[in-house]
Amino acid sequence: MNQALFIEQVWDLTREIPKGKVTSYGAIAKAIGTPNLSRMVAKAIGACGAAQPPVPYYRVISSNGLLAGDPSSTAKRQELLEREGVEIKNLKVQNLKKVFWNPLIDLE
DNA sequence: ACGATGACTCTTC
DNA sequence: GGAAGAGCCATCG
């Protein structure tokens, strides 16, 4: 598959993330079928600005529940997530086990 | 063409 | 439980 398709799948999966939940790059990569391409998922998310309709990329974080990226971006994502009911402290998702959404479950 | 880098993750110490 | 090393693939100088 080419990376364009990969990116589309990432976007599509990201759009399926329920409100108030978050997921990780690795989880998305795994759901697509390429568990080792977590970095590419990050790239896809970074390119979601061209997505139509827009992708809630703020629901995608690191596997440890930490918001990666530049503070200018992380701060905004933190706001949005908190607004959806996700508790966040110092750019890190609290109660991660509860708010973490596994794409594989939705695919079953 | 080559080496370095990065919104990552996993295994080990 | 935190820190370090290795693996992964695409992009950039």
Side-chain angles (χ1 to χ4, degrees):
Chain A
M1 79 171 75
N2 51 43
Q3 70 275 74
L5 182 58
F6 177 83
I7 290 174
E8 275 187 49
Q9 294 188 69
V10 172
W11 289 350
D12 201 49
L13 203 51
T14 305
R15 278 192 275 255
E16 292 182 42
I17 301 177
K19 176 189 170 191
K21 300 265 182 160
V22 295
T23 193
S24 69
Y25 302 91
I28 295 175
K30 203 175 213 174
I32 294 178
T34 54
N36 42 331
L37 292 187
S38 48
R39 300 187 101 117
M40 299 302 97
V41 174
K43 223 169 241 311
I45 294 299
C48 74
Q52 189 55 236
V55 175
Y57 72 94
Y58 55 85
R59 288 183 183 151
V60 184
I61 60 180
S62 321
S63 63
N64 62 341
L66 192 67
L67 276 68
D70 296 312
S72 49
S73 205
T74 53
K76 207 149 204 167
R77 285 180 291 166
Q78 175 173 347
E79 277 272 344
L80 291 164
L81 289 173
E82 284 183 324
R83 186 187 249 176
E84 295 193 348
V86 180
E87 205 170 339
I88 299 181
K89 191 97 172 183
N90 196 10
L91 296 182
K92 189 165 144 258
V93 175
Q94 304 300 296
N95 219 352
L96 181 61
K97 278 188 139 179
K98 232 178 174 182
V99 301
F100 187 84
W101 177 73
N102 192 332
L104 299 174
I105 295 178
D106 190 66
L107 295 176
E108 280 175 5

Atom CD1 in Ile61(A), atom OG1 in Thr74(A): separation rounded to 0.5 Å?
12.0 Å
Roughly how far, to the nearest 0.5 Å, is CD1 of Ile88(A) from CZ of Arg83(A)?
13.0 Å
Heavy atom of residues 84-94 of chain A under 4.0 Å from DNA chain B: which residues?
none
Members of residues 34-44 of chain A that approach DNA chain B, where some heavy atom sits under 4.0 Å away:
Ser38(A), Arg39(A), Met40(A), Ala42(A)
If I compare all heavy atoms of [X] with all of [Y], which pair ends up nearest, and what's the gap?
X	Y	answer
Leu13(A)	Pro103(A)	CD2-CB, 3.9 Å
Trp11(A)	Ala50(A)	CH2-C, 4.1 Å
Val60(A)	Ser24(A)	CG1-C, 4.4 Å
Phe6(A)	Ile32(A)	O-CD1, 4.1 Å
Leu96(A)	Ser63(A)	CD2-O, 3.7 Å

Among Arg59(A), Lys21(A), Lys19(A), find the residue that satisfies the salt bridge (Lys or Arg N to Asp or Glu O under 4.0 Å) test when tested with Glu84(A).
Arg59(A)
Could you check how far [atom1] of [X] sits from [atom2] of [N], rounded to whole Å?
X	N	atom1	atom2	answer
Asn64(A)	dA3(C)	CG	C1'	13 Å
Ile28(A)	dC9(C)	CD1	P	18 Å
Phe6(A)	dC9(C)	CZ	C1'	9 Å
Tyr25(A)	dC9(C)	OH	P	19 Å
Leu80(A)	dA7(B)	CG	P	20 Å
Asp70(A)	dG6(B)	CG	C1'	11 Å
Ile32(A)	dC8(C)	CD1	C1'	15 Å
Ile7(A)	dT11(C)	CD1	C1'	12 Å

Any side-chain N or O of Ser63(A) under 4.0 Å from OP1/OP2 of dT9(B)?
yes
Return whichever of Gly46(A) or Lys30(A) has its heavy-atom-nearest nucleotide of DNA chain B closer to the 5' end.
Gly46(A)
Does anything in residues 88-97 of chain A pair up under side chain to side chain donor-acceptor pair (under 3.5 Å), and if so which pairs, sequence neighbours excluded?
none
Considering every strand and a 4.0 Å limit on heavy-atom distances, what is the contact class for Thr74(A): base, sugar-phosphate, or nothing?
nothing
